[in-house]
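Here the structure is a predicted model, which means the values were calculated and not measured. Start at 1 and go down the list; that is how both ligands and their atoms are numbered.
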Amino acid sequence: MKNPEHVKNIVSALRKGGASRLQVISDFDMTLTRFGFNGKRCPTSHNIIDNCRVISEEGRKKLKDLLHYYYPIEIDPYRTMEDKLPLMIEWWTKAHNLLSQEKILKNDIAQIVKESDVKLRDGFNIFFDQLHENKVPLFIFSAGVGDVLEEIIHQAGVFHPNINVVSNYMDFDDNGILQGFKDPLIHIYNKNNTVLKNTDYFQQLCTRTNILLLGDSMGDLSMADGVADMENILRIGFLNDRVEERREKYIEAYDIVLEKDETLDVVNGILHFIL
Ligand code: C5P
Ligand code: MG
C-alpha cells in the first residue's frame, strides 16, 4: 500500500455504506483466476480455446506465436499505453480471426473448459457466495472470452444471479459453428464507459456509488469510469508477472497491490469486514 491511512478511510467508508451501496467491479483472467499452479502458468479464457483439442495443429501454432509475440508487449513496463494500444488491438483481432476459422462448436465449450487447467483463485467460493448472500452486484468486465468465462464460473457452481458480465462473446451460426465474435471488441485498453454505455447493465452500474475494483492490469483501472456519482472506490491489484519492475507503477495506481498472491483472501477479508 502506498497510503495505508487512505485505505483505512476508504474501507471505513465502504463499511458505513454497507451492502446496499456497494458493487464489485472485477476483471476476470488472472484476477479471479489463478496465474499459476504447481509452478505452471494457468490459462486465460483465450488460452483455453487456443490449446483445446478441436484446434488444428497449424491454428494452435499460430495462436501460440501470437501469444509469445504480444504478451511480453502487454506486460512491458517500459512501453507506454499509447504505444501498446494498436498492438493489443492487433493481437485480439488476429487471434479472433484465427479462432473463427477453426469450426469450434458451441456445444463443445463446456467440455473444452472441463479439460483445461483453469482455476479460480483460492477462496473463490467465499467470494462469490458472500456477494450473492448480501445481494451485492458483481460486474465482471473482461477482455477475455465471455462464453468461456461464464462456463468456468458455472462449472465452479458459483454463477449466482447477482453476476453481470461484459466481455467478448462468440458469434455462432445456425449450425452452432463459431463464425466470429460479437461487437464491440473489448481489449485491455477499452475497459471503460465507451463500451459500457450501450449495455443494459450501465444504468444499474450507476446506482451503487461505493466500489470495490479488482484487476491485474493497468487497463483494469478504468473499469469503474462509467459510474457517474461514485463516492468511494477501493482498487485492489494483483501483480502477477514482472513483479519487481512493475511494482512502483502498480503501487502508484492501485490502493492495495497483492504480489504473487494466488488467493482471494485479502478481498474476502475486506468484504467480510464491510458486509
Ligand atoms: O479477463 P481479462 O480482461 O483479464 O482478459 C484479458 C487477458 O487475456 C489479457 O491480459 C491477455 O494477456 C489475455 N489474452 C490472451 N489471448 C489473446 C488476447 C488476450 O491470452 N488472444
Ligand atoms: Mg486480467
Judged by modelled atom types alone, do [X] and [Y] share a side-chain donor-acceptor pair under 3.5 Å?
X: N210; Y: N232; answer: yes
X: E74; Y: S217; answer: no
X: K94; Y: Y70; answer: yes

Cationic tip of R41 above Y71 ring, under 6.0 Å, 45° of axis
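Flagged: R41 positioned over aromatic ring of Y71.
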Distance to the ring centre below 6.0 angstrom and angle to the axis at most 45 degrees; does that hold for R121 and F238?
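Positive - R121 is close enough to the ring of F238 and near enough to its axis.
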[atom]: the protein heavy-atom neighbour that sits closest, reported with distance to 0.1 Å:
atom: atom 2 (P) of ligand 1; answer: D27 OD1, 2.9 Å
atom: atom 20 (O) of ligand 1; answer: T44 OG1, 2.7 Å
atom: atom 14 (N) of ligand 1; answer: W91 CH2, 3.6 Å

Going by the order shown, which atoms of ligand 1 are within less than 4.0 Å of some heavy atom of [X]?
X: S142; value: 1 (O), 2 (P), 3 (O)
X: F28; value: 1 (O)
X: K191; value: 2 (P), 3 (O)
X: A95; value: 21 (N)
X: D29; value: 1 (O), 2 (P), 4 (O), 5 (O)

Kindly work out whether a path of hydrophobic side-chain contacts (I/L/V/M/F/W/Y, heavy atoms less than 4.5 Å apart) joins L221 to I236.
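Same hydrophobic cluster.
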Specify side chain, backbone, both or neither for W92, according to which of its non-hydrogen atoms lie closer than 4.0 Å to ligand 1.
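W92 to ligand 1: side-chain contact only, backbone stays beyond 4.0 Å.
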Where's the contact between A143 and ligand 1, heavy-atom distance under 4.0 Å: side chain, backbone, both or neither?
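It is both backbone and side chain that touch ligand 1.
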[X], N/O/S atom nearest the Mg ion (ligand 2):
X: D29; result: O
X: D216; result: OD1
X: D27; result: OD2

N/O/S from D220 sitting under 2.8 Å away from the Mg ion (ligand 2):
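No N, O or S atom of D220 is closer than 2.8 Å to the Mg ion (ligand 2), so no.
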Counting only heavy atoms, tell me which of H187, E74, H46 gets closest to atom 9 (C) of ligand 1.
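Looking at heavy atoms only, the winner is E74.
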Does the separation of the ring centres of H46 and H96 fall below 6.0 angstrom?
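So the answer is yes for these two rings.
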Charged N to carboxylate O below 4.0 Å: is that the case for K249 and E252?
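The answer is no: the pair does not qualify as a salt bridge.
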Between CD1 on residue I49 and CG on residue D108, distance to nearest 0.5 Å:
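With rounding to 0.5 Å, CD1 (I49) is 9.5 Å from CG (D108).
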Is it the case that the side chain of D76 and the backbone of I73 share a donor-acceptor pair, with hydrogens and angles ignored and the cut-off at 3.5 Å?
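Here the side-chain-to-backbone pair does not exist.
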